[in-house]
There are 2 protein chains.
Amino acid sequence: MATSRSYRDRCPVARALDVVGERWALLVVRELLFGPQRFSELRRALPGASTNMLTDRLRELESHGVVEHRTLPPPAASTVYQLTERGNKLEGVLDALGGWGASEPEPVGGSVSLGAVLMFLRSLARAHVNPPKGLWTVILEGQPWSIIGRDGTVEISPGALPGADSQLETDPTTLNSLLLDPAGFDSAITHGRAVLHGAEGAPAWLSVAD
Amino acid sequence: MATSRSYRDRCPVARALDVVGERWALLVVRELLFGPQRFSELRRALPGASTNMLTDRLRELESHGVVEHRTLPPPAASTVYQLTERGNKLEGVLDALGGWGASEPEPVGGSVSLGAVLMFLRSLARAHVNPPKGLWTVILEGQPWSIIGRDGTVEISPGALPGADSQLETDPTTLNSLLLDPAGFDSAITHGRAVLHGAEGAPAWLSVAD
DNA sequence: CCGCATCCGTTTCGATACTG
DNA sequence: CAGTATCGAAACGGATGCGG
């Protein structure tokens, strides 16, 4: 059962693929990269993945020490899955894959998940000539995320932090469009696809203008 | 045949995995990372991969512009597979995966392939406090490879170059052991598992001593 | 031998339905 | 909400065979 087919190769690359090389595994890691998620949230983020598949992957990643699950205290009484410290170290792998895959054509009818847009947001902010400084909140799928720009670095963490410069509520697909074309910000606001609180105009992390 | 199942996800990570996420794909890329290889050489390097698997993967990678095949001029009259320029850019992905996978346990009865040991060699040489300077030849599986240390960088290219400081002939498994434990060098020579030409003592790129 | 195709048993994937 | 049960469709892995 847990005999995940091994490449039986002593190479570190093959050993990594023995753990995260199965279908969907790295996409599950991507969704957990910015914070814990529940089963149903993972399911929504990965529309093509069946429930059976998600269960298998989570168990397998858990048995390899990449993921762990935790039962939330009452009244939530639900289960969340999160990366272990070891799992978090896969960030570099995902960044490398994303860097390479960005020049591949987009599939037709493709979706944009929570983890996908957060990775995109962070990579753009980090690639900026002068990374944004400040603290912002973004609400996606009903969950708040903090964008922390400080000392030339940009981090994204789950949950809202006090003192945010502004708070933007939208959905992953809209945010993805805005990252690709920040000029559409006003239009997204007027059409109700995004709601801004606490400030006027597009937040600094969104604007590409030098 | 070329039914590459897509994740239908617009995220660059998923787009990369649409191309190189199938089983064996990245290990094929690993084997081609240091130079062209023929079908039978790939087969020897990947003992667990069946012939039809290799055929499928090579065709698929070729259709995605990662691999290309070339027919050697007579009298060789054989076919070699090599990475395209785009395929070569996967080096960073393999490095990241290898860096992560190095702390995973080695599988029992694992093999060591040509590409695996060359990646290992290069990563060790690059991680050295002062990378080796010089030109050496290593012969593995009957093929010569040049180790070029210059300006603090280390490159490995296929074929022998004139003026090498020394030439070491051995097999991937022995070389892997020597990289893990350079003290075994003399023993490997005396037992005939490695043959050294053109110099005395272990080549500089092998010695770990500061 | 090299590159590949074909056949076949086993494993995995993916969709739907169903249960606590 | 968080999975399990089931089942057909692929994909994998091994063996064999065929034309250069």
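So that the names make sense, note that chain A is the first sequence line, chain B the second, and so on, each numbered from 1.
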Asks: Detail all sub-3.5 Å separations between protein N/O atoms and N/O atoms belonging to nucleotides 16-20 of chain C.
Replies:
none

Asks: How about B:Gln82 and B:Gln37: does a side-chain donor come under 3.5 Å of a side-chain acceptor?
Replies: no

Asks: State, without any angle test, whether A:Ser113 and A:Arg30 hold a side-chain donor-acceptor pair at a distance under 3.5 Å.
Replies: yes

Asks: Think A:Arg57 has a side-chain N or O under 4.0 angstrom from the OP1 or OP2 of C:dG14?
Replies: no

Asks: Name the nucleic acid region contacted by A:Arg44, choosing base, sugar-phosphate or nothing; use a 4.0 angstrom heavy-atom cut-off, strictly under.
Replies: nothing

Asks: Within this structure, what is the CZ-to-C1' distance between B:Phe39 and C:dA5, rounded to whole angstrom?
Replies: 11 Å

Asks: Within this structure, what is the CE-to-C1' distance between B:Met53 and C:dA5, rounded to whole angstrom?
Replies: 16 Å

Asks: Does B:Glu62 form a salt bridge (Lys or Arg N to Asp or Glu O under 4.0 Å) with B:Arg59? I'd like the steps, not just the answer.
Replies: CA-CA 5 Å; B:Glu62 201 163 355; B:Arg59 291 218 188 301; 5.0 Å; no

Asks: Can you tell which of C:dC2, D:dG3, C:dA5 lies closest to the side chain of B:Ser40?
Replies: C:dC2

Asks: Going through the checks in order, is the side-chain hydrogen bond (donor to acceptor under 3.5 Å, both in side chains) test met by B:Asp171 and B:Thr174?
Replies: CA-CA 5 Å; B:Asp171 61 281; B:Thr174 299; 2.6 Å; yes

Asks: Who passes side-chain hydrogen bond (donor to acceptor under 3.5 Å, both in side chains) against B:His197, sequence neighbours left out?
Replies: none

Asks: Give the rounded distance in Å between these two atoms: CZ of B:Arg38 and C1' of C:dC4.
Replies: 16 Å

Asks: Once side chain to side chain contact (heavy atoms under 4.5 Å, CB included) is applied, do any residues pair with A:Pro107, and if so which ones, sequence neighbours excluded?
Replies: B:Ser6, B:Arg15

Asks: Rounded to whole Å, please give me the gap between CZ in B:Arg59 and C1' in D:dA11.
Replies: 17 Å

Asks: Starting from P on C:dC4, measure out to CG on B:Asp56 and report it in whole angstrom.
Replies: 11 Å

Asks: So which nucleotide from D:dC12, D:dG3, C:dC13 ends up closest to the side chain of A:Thr55?
Replies: D:dG3

Asks: Round to a whole Å and report the spacing from CD of A:Glu22 to C1' of C:dT11.
Replies: 11 Å

Asks: Please tell me if A:Arg23 has a side-chain N or O lying less than 4.0 Å from either OP1 or OP2 of D:dA11.
Replies: no

Asks: Could you pull out the protein-nucleic contacts involving nucleotides 18-20 of chain D (nitrogen or oxygen on both sides, under 3.5 Å)?
Replies:
none

Asks: Distance check needed: D:dT4 C1' versus A:Leu54 CG, whole Å only.
Replies: 14 Å

Asks: Rounded to whole Å, how long is the line connecting atom CG of A:Leu17 with atom C1' of D:dC12?
Replies: 16 Å

Asks: Would a 4.5 Å heavy-atom cut-off, applied to side chains only, mark A:Tyr81 and A:Leu61 as touching?
Replies: no

Asks: Please determine, by modelled atom types, if B:Asn52 and B:Ser50 share a side-chain donor-acceptor pair under 3.5 angstrom.
Replies: yes

Asks: Going by the salt bridge (charged side-chain N to carboxylate O under 4.0 Å, His left out) test, which pairs reach into residues 83-95 of chain B, not counting sequence neighbours?
Replies: A:Glu104-B:Arg86, B:Glu91-B:Arg122, B:Glu91-B:Arg126, B:Asp95-B:Arg122

Asks: Using a cut-off of less than 4.0 Å, is there contact between a side-chain N or O of A:Trp24 and OP1 or OP2 of C:dG14?
Replies: yes

Asks: Look at the side-chain N and O atoms of B:Tyr81 and state whether any lies under 4.0 Å from the OP1 or OP2 oxygen of C:dC4.
Replies: yes

Asks: How would you list all residue pairs meeting ring pair (Phe, Tyr, Trp, His ring centres under 6.0 Å) that involve residues 7-54 of chain A, not counting sequence neighbours?
Replies: A:Tyr7-B:Trp24, A:Trp24-B:Tyr7

Asks: Among C:dC13, D:dT4, C:dG3, which is the nearest nucleotide to the side chain of B:Ser78?
Replies: C:dG3

